[in-house]
Structures are given as C-alpha cells and as structure tokens.
Amino acid sequence: MSVTIISVRELSFQYNSAEVLAEVSFDVTPGDYIGLVGPNGSGKTTLIRILLGLLMPSAGTVSLFGRSSLDFREWYKVGYLSQRFMASYHHFPATVKEIVSMGLLSKKRFPKRMGSSDEMAIEKALECMDIVDIKDKLIHELSGGQQQRVFIARTIVNEPDLLILDEPTAAVDPETRERFFNLLENLNHQKRTTIILVTHDMGSIGKYASKMMYLDKRVIFYGTFEEFCRSTDMSSLFGSLSQHLICHRHE
Ligand code: ADP
C-alpha cells in the first residue's frame, strides 16, 4: 500500500484575528498533479507555507509522507520553487552549475563534499533542462526563461518525491511557460513525481494537471478535471461554458 503524500484534516489558519483558511481537508496521493487555483488572497500561499512547515496551523492537522513533521534529513524529498525565491537569486554571483549543485546540499550531512554520484545527478538535471551548454555562465547573464530552467534543475536535482511550485511562470513568455508545463508533465508521467502547482493560469492548467483544487479560504472544489466538468456546483460558480473551457476534456 502506498503512503499518502499529504494528508490535511480540518485545517484552519489566522493571521492575527483574520481567518485565512477554514476547515481545509484533503489528501494528495503519489503521482497526483494538482493545479492549485483561487482568487488573489484566497490562502494558496499560506496553505503552501503550512505544508512546508514554515507556518503552524491554528487548528487541524497536516501530515507529510505519513508523519506529522518532516525530519530535516527528509527535506530532500520535497522540492519547492517560488517566484520570490528565483527573484532573490537574480544577482547571486554564481554559475549555473553551482546553483544546480546547491540543490543537493539538503541531502547531505557534513562534510558537504561532492562525490561522483553528485556530479552525475547534476549532469542529469542540466541535461533534463537543456542547460548543459550554459553551465559555466553566471546566472545574471541569462534570460528569464533560462534562469527559470536553472532553478527548476536545482529543485529537481535531488529527484524529490513531491514538487511544490508557487507561480513560477508568472514572469516568463508564453513559449517558456508551455515548455515548463511540458517538462512538469514529463516529470509526473515518467518519474511519477507528485506535483502541486499554484497557478493563475486556470485556463491552461486543465491541459496538464490531473486534479484541480479551487481554494477560497475553504476548499470549494478538489477533484479530477472530469469531476470538475460534471459538477453542477461548478457550473453554478463558473457558468457551464467557462467550466468546460477550464476542464479541457471536450473537443
Ligand atoms: P494567495 O496566495 O491566494 O494570494 P495568501 O495566502 O498570500 O493568498 O493570503 C491570504 C490572505 O492572508 C490575504 O488576505 C493576505 O492579505 C493575508 N496575508 C498574507 N500574508 C500575511 C501576513 N504575513 N500577515 C497578515 N496577513 C497576511
């Protein structure tokens, strides 16, 4: 029997006295690819921060890989990438290869020396992102799309079981975004990486993800796109035309 990757029960969260998340319950199973959507301020980032252990819930429980808190030696199982993280590294004086190798540090104890298996993992991540030929360039010399590929390589170099991405395509062109979506689809299909992708791009996510969570303080919808497509509640919320444009399950 496979372990549930994430299990959330009756979670709520408040900033001071403002309730941001209420009665949130859901499970994520291995191989899920979830598009997390919802209006601005609906609690998506807060939920991700709670999943990562950066915020404590006001009530309810969260477990990752069957445990209530992840031991630091297991952090490598989770890859996390956000727009804010990428922006903070824009002017970092490091080469592409150095940035990708930093992704391996969470798996290491002292001494943090690189061995031949690390070198192979780095090469594989560089190849996977098609950035081998720019591996010695400094990060700030690259275009936004190239930088994004470098940070994804850094995130996947550990081959995490769970990948959490918070709006990583907000600032890139449509072609790069399409390529990024295809890449995630490959990781999900070929490596069975479980993915949670926070996105504004509700119109496209149905082409790639297997499930959608629509959050607005509460979980308004969580299920497959086929279920979304058949849901009368979602027809009332979005209108049946938008509902079917979102689900991408019709010709
Ligand atoms: P989303 O990611 O869906 O846009 P957020 O989780 O960032 O939503 O924010 C949810 C709500 O919590 C918003 O009303 C936001 O203003 C508020 N909020 C976010 N961060 C803080 C904070 N550090 N202190 C107080 N309120 C916050």
Side-chain angles (χ1 to χ4, degrees), residues 5-28 32-64 68-70 75 78-90 144 148 151-152 155 160 162-172 177 180-181 184 194-225 228 231 233-234 236-239 242-243 245-247:
I5 303 270
I6 298 174
S7 185
V8 172
R9 291 286 169 274
E10 295 296 318
L11 172 85
S12 60
F13 184 82
Q14 300 174 342
Y15 281 113
N16 305 317
S17 58
E19 191 170 56
V20 171
L21 294 168
E23 296 163 24
V24 171
S25 298
F26 64 92
D27 287 323
V28 176
D32 276 347
Y33 178 176
I34 299 162
L36 176 54
V37 294
N40 266 339
S42 58
K44 303 182 291 297
T45 303
T46 304
L47 177 60
I48 298 298
R49 290 175 70 79
I50 293 172
L51 295 179
L52 293 169
L54 301 172
L55 290 172
M56 291 304 290
S58 314
T61 58
V62 175
S63 77
L64 246 69
S68 57
S69 67
L70 206 58
W75 279 349
V78 184
Y80 171 63
L81 183 62
S82 71
Q83 192 62 43
R84 205 183 302 167
F85 175 85
M86 287 191 277
S88 68
Y89 270 82
H90 263 343
Q148 187 196 47
F151 289 115
I152 297 168
T155 311
L162 170 64
L163 202 49
I164 300 182
L165 305 146
D166 196 347
E167 296 277 9
T169 56
V172 298
R177 186 179 309 137
F180 169 75
F181 277 138
L184 289 187
T194 306
I195 300 174
I196 301 180
L197 172 66
V198 179
T199 178
H200 269 119
D201 198 353
M202 195 168 173
S204 298
I205 191 64
K207 278 198 270 180
Y208 308 99
S210 50
K211 290 185 179 173
M212 177 165 92
M213 181 180 293
Y214 188 87
L215 192 70
D216 197 356
K217 188 157 110 175
R218 294 160 199 277
V219 177
I220 307 296
F221 175 82
Y222 179 48
T224 64
F225 284 89
F228 177 80
S231 161
D233 285 350
M234 293 302 108
S236 330
L237 188 64
F238 292 100
S242 298
Q243 178 188 16
L245 289 175
I246 291 166
C247 78

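Whatever order the structure lists them in is the order used to number ligands and atoms, beginning at 1.
Every protein residue with a heavy atom nearer than 4.0 Å to ligand 1 is included here: Y15, V20, P39, N40, G41, S42, G43, K44, T45, T46.
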Please table the atom pairs, donor to acceptor, closer than 3.5 Å between any side-chain atom in residues 52-64 and protein atoms at least two apart or in another chain.
residue	atom	partner	partner atom	Å
S58	OG	Q14	N	2.9

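Shown here for S42 and L21, the closest heavy-atom pair between the two residues is O-CD2, 4.3 Å. When all heavy atoms of R9 and F26 are compared, the pair lying nearest together is NH1-O, 3.6 Å.
Of the N and O atoms on the side chains of S7 and D27, at least one donor lies less than 3.5 Å from an acceptor on the other residue.
Here V20 pairs with F13, Y15, T46 under the side-chain contact (heavy atoms from CB on, under 4.5 Å) rule; sequence neighbours left out.
Annotation: side chain to side chain donor-acceptor pair (under 3.5 Å) contacts involving residues 202-212, sequence neighbours excluded, comprise D32-K211, E178-Y208, D201-S204.
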